[in-house]
J.: 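Got a structure for you, questions after.
Lettering follows sequence order; numbering is per chain, from 1.
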Amino acid sequence: MSNEPILELRDVAVDFSGFRAINGLNLQVAKGELRCLIGPNGAGKTTALDVICGKVRARAGRITLMGQDITRLPEYKIARRGVGRKFQVPSVFRELTVRDNLEVAYCKRLGVFANVRRLGRSAERNDLEKLAELVGLEDVLDERAGYLSHGQTQWLEIALLLAQDSGIILLDEPTAGMTAQETMHTAKIVNALKGRHTLLVVEHDMAFVREISDIITVMHQGRVLAEGSASEIQGDPAVREAYLGQRGIAHA
Amino acid sequence: MISQRQTTHRLAAYAVFCVVILLVPLFVSDAYLLNKFARYIVFGILSLALSLSWGYAGILNLGQAVSFGLGSYCMAMALKLRTIPIQTGAGGLPDFMVWNNVHTLPWFWEPFHSYAFTLFAGLAVPAVIAFLIGWFIFRARVSGVYVAIITLAMLVVINLVIIDQQRYTGGFNGITDLTTFKLFGVEFGAYSVATYYLAAVILTLLLFLGLALMNSKTGLILQAIRDDETRVRYFGYDVANYQNFIFCVSAAVAGLAGMLYTLVMEFASPTFLAVPISLSIVIWCAVGGRASLLGAALGAIVVTGVQGSLSDSKTFLDTWMLIMGALFIVVVLFLPNGLISIGDVIRGRRQRRRRAAPARMPEHAEIAAPGRSAAR
Ligand SMILES: Nc1ncnc2c1ncn2[C@@H]1O[C@H](COP(=O)(O)OP(=O)(O)OP(=O)(O)O)[C@@H](O)[C@H]1O
Ligand SMILES: [Mg+2]
């Protein structure tokens with residue numbers, strides 16, 4: 001991609017009380033790109049997403065978003081600059097209904113007092129209902145999110161990101177626990193987001209990765225091991241080595 | 001599962017409650033009894049205040065009595081300055097100041113000559129103090145039980161300061177011998193119907209205003225924060241701001257309850273901002289249903305009402321504490337969402353029996369799930 005990067009990590013390091021989870025990570029993602037991030041368990045993929053969205057702090061290095069430094073910003077400010085996140089562990093608002101979950105995610109206005117005055121919310125309700133249809137949750141709009149099945153919770157999380165409508169979307173294992181059919185439906189949605197949104201997707205399912213990605217970045221022991229298309233990656237001996245002892249990249 | 005119909009049901013329940021409390025004076029002519037009911041309603045307001053922060057936003061404020069007490073003192077100061085027999089010293093000094101060798105009215109007493117300022121201060125002083133404390137705890141992302149510990153500690157400190165500063169606060173005795181509050185020509189004596197109506201009308205207004213607030217988007221975000229405060233941040237909301245907002249609103253409402261309490265009791269006392277009452281508020285809220293404004297208010301009225309009648313009656317003189325304890329345990333065990341949820345629990349049981357899959361168990365649901373959404 002000749003585009004200038006919208007998101008850039010430069011020599012980023014993250015420590016967990018002495019343990020280097022990420023060490024000298026360099027990553028550039030172009031606007032509108034869909035980048036897949038793979039790697040064996042414990043490679044630091046989740047931590048890489050965490051450090052971008054501000055959940056953990058970088059010990060060293062710099063993260064820039066559209067040329068601006070976001071390394072030290074609090075989470076909500078990073079989010080306001082257009083970074084949305086789906087977590088590996090499903091995290092929806094379990095006490096709230098599906099509809100209310102979507103409404104929270106639909107965050108066009110963020111201030112306390114701006115939102116106190118907002119009682120009538122019918123216009124956005126229509127949009128949200130359409131969104132629910134897209135991910136097949138239209139029948140459970142008034143159900144509490146805590147009552148959803150695992151698969152439905154995954155869909156709700158994806159819908160939350162769609163409602164949030166961030167420029168950059170970070171997805172951590174979006175298809176975990178989904179059936180093959182559901183995985184393909186997710187691939188379709190993700191492909192539709194490509195172009196308008198920039199996506200960084202962590203995934204283990206290679207079939208899914210092949211379906212959606214342009215460029216794949218392989219991480220190992222907290223740094224980038226290889227970068228390239230799916231076939232390039234799979235032919236790379238260093239990558240094979242890294243996956244040794246695990247089930248192998250093709251089935252990872 | 002909040003459907004349109006349930007919203008209507010809820011509004012109806014609120015309306016019925018308000019009509020009932022507003023009709024009480026028509027059937028109760030005994031001034032002593034009416035005064036007692038007014039007290040219960042003030043406790044209802046106080047409990048509602050905690051429901052705003054604890055029930056809706058998950059902030060367990062064990063120092064709620066600070067706001068209540070400060071509101072009460074504000075009102076007492078204004079009334080004290082208007083009491084005629086205070087002129088035992090020069091320049092209309094309150095009697096206890098004279099006894100403590102204070103010769104001029106302290107600067108912070110001065111503005112309480114004005115009722116307008118007093119009413120403002122009764123809301124603003126608790127809110128400002130809450131704001132300062134909230135600023136520190138919410139910016140530092142203190143949550144859960146630590147909020148409870150910090151607010152409790154603050155309560156103890158402020159209580160000690162008030163008792164210690166006897167020259168300005170009346171110390172242990174509080175501020176007593178007050179004149180009757182008069183506004184727009186109406187006298188709000190402790191045993192008057194006017195005072196009862198004042199409390200009942202304020203509770204009614206607060207119930208509906210609170211409901212509107214919690215149905216606004218801000219209310220929704222507060223409930224999301226209660227559920228998972230971290231997740232809310234990644235949508236771009238400044239969680240600390242939202243938490244501090246409701247913390248201050250709750251404090252102001254408690255301050256209002258405190259002002260009313262002075263009218264009903266005819267004095268202000270350091271026991272109003274002591275630990276026992278602060279803990280009682282938590283119990284009222286929990287028994288009635290902390291996530292419901294009506295539940296919280298009802299909880300306070302029911303608990304203090306039962307407590308009052310049990311401790312008054314000769315039969316239960318020795319056992320009323322035991323009975324109250326048993327009531328709490330039963331409610332906490334069988335109705336974790338409080339008395340207000342009785343209807344939901346019964347309805348929920350019926351619904352769950354009708355459904356094939358037990359919805360609460362993710363393991364089961366996971367197996368049952370894939371087909372459903374994959375089909376689309
Ligand atoms: N909060 C934490 N405290 C201490 N160590 C952590 C913490 N979070 C992650 N780690 C460690 O950092 C390393 C990288 O973890 P990370 O979760 O980023 O891996 P991952 O690539 O996402 O793995 P997986 O594929 O299993 O999700 C692991 O060795 C993990 O044990
Ligand atoms: Mg991970």
Side-chain angles (χ1 to χ4, degrees), chain A residues 53-55 74-81 83-85 87 91-97 99-101 103-107 109-119 121 133 135-137 139 142-155 160 164 166 177-179 181-182 185, chain B residues 1-6 56 58 139 141 212-246 248-249 291 352 355 357-376:
Chain A
C53 70
K55 189 173 181 218
E75 305 93 312
Y76 74 90
K77 284 195 177 154
I78 296 175
R80 285 180 185 188
R81 293 192 181 201
V83 177
R85 169 78 189 267
F87 291 88
S91 50
V92 297
F93 305 109
R94 299 172 53 83
E95 297 283 317
L96 304 186
T97 62
R99 190 193 302 276
D100 286 347
N101 266 274
E103 241 173 275
V104 171
Y106 187 88
C107 44
R109 277 194 280 177
L110 297 158
V112 179
F113 294 102
N115 283 328
V116 167
R117 272 177 274 124
R118 195 128 63 121
L119 293 167
R121 295 171 283 180
E133 253 167 66
V135 294
L137 291 177
D139 293 338
D142 292 313
E143 198 87 35
R144 255 202 253 161
Y147 291 142
L148 297 183
S149 70
H150 180 81
Q152 287 174 316
T153 310
Q154 290 278 66
W155 286 115
L160 291 182
Q164 187 179 4
S166 313
M178 283 187 178
T179 62
Q181 241 178 328
E182 287 175 311
H185 187 62
Chain B
M1 281 164 276
I2 296 136
S3 63
Q4 204 61 41
R5 230 181 70 214
Q6 259 169 311
Y56 281 91
R139 291 284 143 199
R141 299 205 181 158
L213 175 63
M214 286 313 166
N215 277 323
S216 76
K217 180 124 181 187
T218 293
L220 182 60
I221 291 160
L222 286 169
Q223 293 169 66
I225 289 172
R226 176 189 64 195
D227 234 4
D228 187 346
E229 103 180 41
T230 321
R231 187 72 189 93
V232 176
R233 292 203 178 93
Y234 298 105
F235 289 120
Y237 300 104
D238 186 353
V239 167
N241 262 355
Y242 279 85
Q243 288 173 317
N244 211 358
F245 165 74
I246 200 65
C248 293
V249 169
R352 230 170 297 148
R355 266 192 222 165
R360 254 185 199 284
M361 294 177 202
E363 307 88 53
H364 290 240
E366 206 171 343
I367 300 161
R372 279 204 72 180
S373 32
R376 295 190 182 105

J.: To check you understand the geometry: which heavy-atom pair defines the closest contact between B/Y234 and A/A79, and what is its length?
T.: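 Where B/Y234 meets A/A79 most closely, the heavy atoms are O-CB, 3.5 Å.
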J.: Nearest heavy-atom pair of A/E103 and B/K217: which atoms, and what distance?
T.: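 Of all heavy-atom pairs spanning A/E103 and B/K217, the closest is O-NZ, 2.5 Å.
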J.: With only heavy atoms counted, which part of A/Q164 is less than 4.5 Å from chain B, the side chain, the backbone, both or neither?
T.: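 Interface part for A/Q164: side chain.
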J.: At what distance, to the nearest 0.5 angstrom, does CZ of A/F93 lie from CD of B/E229?
T.: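 The CZ atom of A/F93 sits 10.5 Å away from the CD atom of B/E229.
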J.: Report yes or no: does B/R233 contribute a side-chain atom to a donor-acceptor pair with the main-chain N or O of A/Y76 at less than 3.5 Å?
T.: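 A pair under 3.5 Å: no.
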J.: Go through the steps for A/E95 and B/R226 under the test side chain to side chain contact (heavy atoms under 4.5 Å, CB included), then give the verdict.
T.: CA-CA 9 Å; A/E95 297 283 317; B/R226 176 189 64 195; 4.2 Å; yes
J.: Less than 4.5 Å to any heavy atom of chain A: does that hold for the side chain of B/V232, its backbone, both, or neither?
T.: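 Looking at B/V232, backbone and side chain both touch chain A.
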J.: Looking at every heavy atom in both A/R85 and B/R231, which two are closest together, and how far apart are they?
T.: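 Scanning both residues, the minimum pair turns out to be O-NH2, 2.8 Å.
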J.: Quick one: closest heavy-atom pair of B/D227 and A/L96, and the distance?
T.: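 Scanning both residues, the minimum pair turns out to be OD2-N, 3.8 Å.
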J.: Heavy-atom distances under 4.5 Å only: say whether B/Y237 touches chain A with side chain, backbone, both or neither.
T.: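 Its backbone and side chain both get close to chain A.
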J.: Verify, without hydrogens or angle tests, whether A/K77 (side chain) and B/D238 (backbone) share a donor-acceptor contact under 3.5 angstrom.
T.: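 Pair absent, no side-chain N/O of A/K77 close to backbone of B/D238.
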J.: Tell me the closest heavy-atom pair linking A/V104 and B/F235, and the distance in Å.
T.: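 That closest heavy-atom pairing would be CG1-CD1, 4.3 Å.
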J.: Which atoms of A/K55 come close to chain B, meaning under 4.5 Å heavy atom to heavy atom: side chain ones, backbone ones, both, or neither?
T.: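 Backbone plus side chain of A/K55, per the 4.5 Å heavy-atom cut-off to chain B.
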J.: Which bit of A/L160 comes within less than 4.5 Å of chain B, counting heavy atoms only: side chain, backbone, both or neither?
T.: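 It is both, since atoms from each part get that close.
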